Amino acid sequence: SPGGSINAAGTIGIGGESPTVAIAASATPMDVSVFKQMWIPFIAPGARRWAVEHVQSGQIASARFDAALPLAFFLERQKPRVSEEQMKLNMRLEDVAFTTFGALPPVRNASGNLVLAGSTFGIDVEKGEVPTNAGGVVNIDNGAFAVANAFLKGPEANIEVQLSGSAAGLGEIADSE
């Protein structure tokens, strides 16, 4: 596609307890709108649904995915935990705008790294901005979002964030539902 591309190669290995599927893929820089169109619906459908609904704009500066998993992994409803050696995704995101949940204000101009290492998912945010209704901006100076097992339905997540801005702006965010 003129807006970006994903190059992938894969193999199926026969032998052992189960056939193994190995995939290696990389993406050229692209707008997140292009990536959302390329994202196949049956691959991580919950994450795809969230991204389609909440990520409004931004750039994927780079992306790399590697996996070597038993074929049975793809067929099981309850996904077993996998190790970092079995599956790894690294993605660099820049100037991303997204909504989170509830009535929290949207985030804009966010940059950071997304990592899926085995079953563990995380996003490290280096910077971002949260516009407030009063017309000010609260800065995201640092942040982290982590899910210990991304393959569970409705997994628990940890969120840590360092914010700076006016007391009124920080209060507005704290009062959000």
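Being a predicted model, the structure only gives us computed values, none of them experimental. Side chains are part of it too, since the values below use all heavy atoms of this structure and drop only hydrogens, waters and symmetry mates.
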Answer yes or no: are there more than 12 heavy-atom neighbours, outside [X] itself, under 6.0 Å from its atom [atom1]?
X	atom1	answer
Glu76	CD	yes
Ile159	CD1	yes
Arg64	CZ	yes

Q) Does some side-chain heavy atom of Pro155 sit less than 4.5 Å from a side-chain heavy atom of Asn149? A)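 No. Closest side-chain heavy atoms not under 4.5 Å.
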
Q. Is the shortest heavy-atom distance from the side chain of Phe35 to the side chain of Ile6 under 4.5 Å?
A.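 Side-chain contact under 4.5 Å: yes.
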
Sidechain-backbone polar pair: [X] side chain, [Y] backbone, donor-acceptor under 3.5 Å:
X	Y	answer
Ser111	Asp95	yes
His54	Thr100	yes
Thr120	Ala148	yes
Ser176	Glu172	yes
Ser5	Thr28	no

Do you know which two heavy atoms are closest between [X] and [Y], and how far apart they sit?
X	Y	value
Ser119	Arg81	OG-CA, 3.1 Å
Gly165	Leu170	O-CD1, 3.6 Å
Gly4	Val34	N-CG1, 4.4 Å
Ala24	Asp66	CB-OD1, 3.5 Å
Pro70	Ser18	CB-OG, 4.0 Å
Pro105	Val130	CG-CG1, 3.5 Å

Q | Lys127/Glu94 salt bridge by N-O under 4.0 Å criterion | A |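 The answer is no: the pair does not qualify as a salt bridge.
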
(Q) Between Asn142 and Glu126, does the side chain to side chain donor-acceptor pair (under 3.5 Å) criterion hold? Intermediate values first, please. (A) CA-CA 5 Å; Asn142 193 356; Glu126 297 167 356; over 6 Å; no

Q) For residues Asn7 and Ser26, is any side-chain donor paired with an opposing acceptor at under 3.5 Å? A)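 No - no donor-acceptor pair under 3.5 Å links their side chains.
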
Q) So, Glu129 versus Asn109: side-chain donor-acceptor pair below 3.5 Å or not? A) yes

Out of curiosity, does [Y] fall in the hydrophobic cluster containing [X] (side-chain heavy atoms, cut-off under 4.5 Å, transitive links)?
X	Y	result
Ile23	Leu116	yes
Ile40	Leu89	yes
Met91	Val115	no
Val147	Val55	yes
Trp50	Leu104	yes

So how far is it from [X] [atom1] to [Y] [atom2], rounded to the nearest 0.5 Å?
X	Y	atom1	atom2	answer
Phe73	Gln86	CZ	CD	8.5 Å
Ile140	Leu163	CD1	CG	6.5 Å
Met30	Met38	CE	CE	4.5 Å
Leu93	Asn113	CG	CG	7.5 Å
Gln56	Ser33	CD	OG	12.0 Å
Ile123	Leu114	CD1	CG	5.0 Å

Q: Would you kindly check if the NZ (Lys) or CZ (Arg) of Lys88 is within the cone defined by 45 degrees around the ring axis of Phe65 and under 6.0 Å from the six-membered ring centre?
A: no

Q) Quick one: are the ring centres of Phe151 and Phe121 less than 6.0 Å apart? A)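 For Phe151 and Phe121, the ring centres are not under 6.0 Å apart.
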
Q: Apply side-chain contact (heavy atoms from CB on, under 4.5 Å) to the pair Phe145 and Asp124, showing each step before the final yes or no.
A: CA-CA 7 Å; Phe145 174 82; Asp124 292 321; over 6 Å; no

Q: Could you check Thr20 against Leu71 for side-chain contact (heavy atoms from CB on, under 4.5 Å), going step by step and ending with a plain yes or no?
A: CA-CA 5 Å; Thr20 302; Leu71 181 61; over 6 Å; no

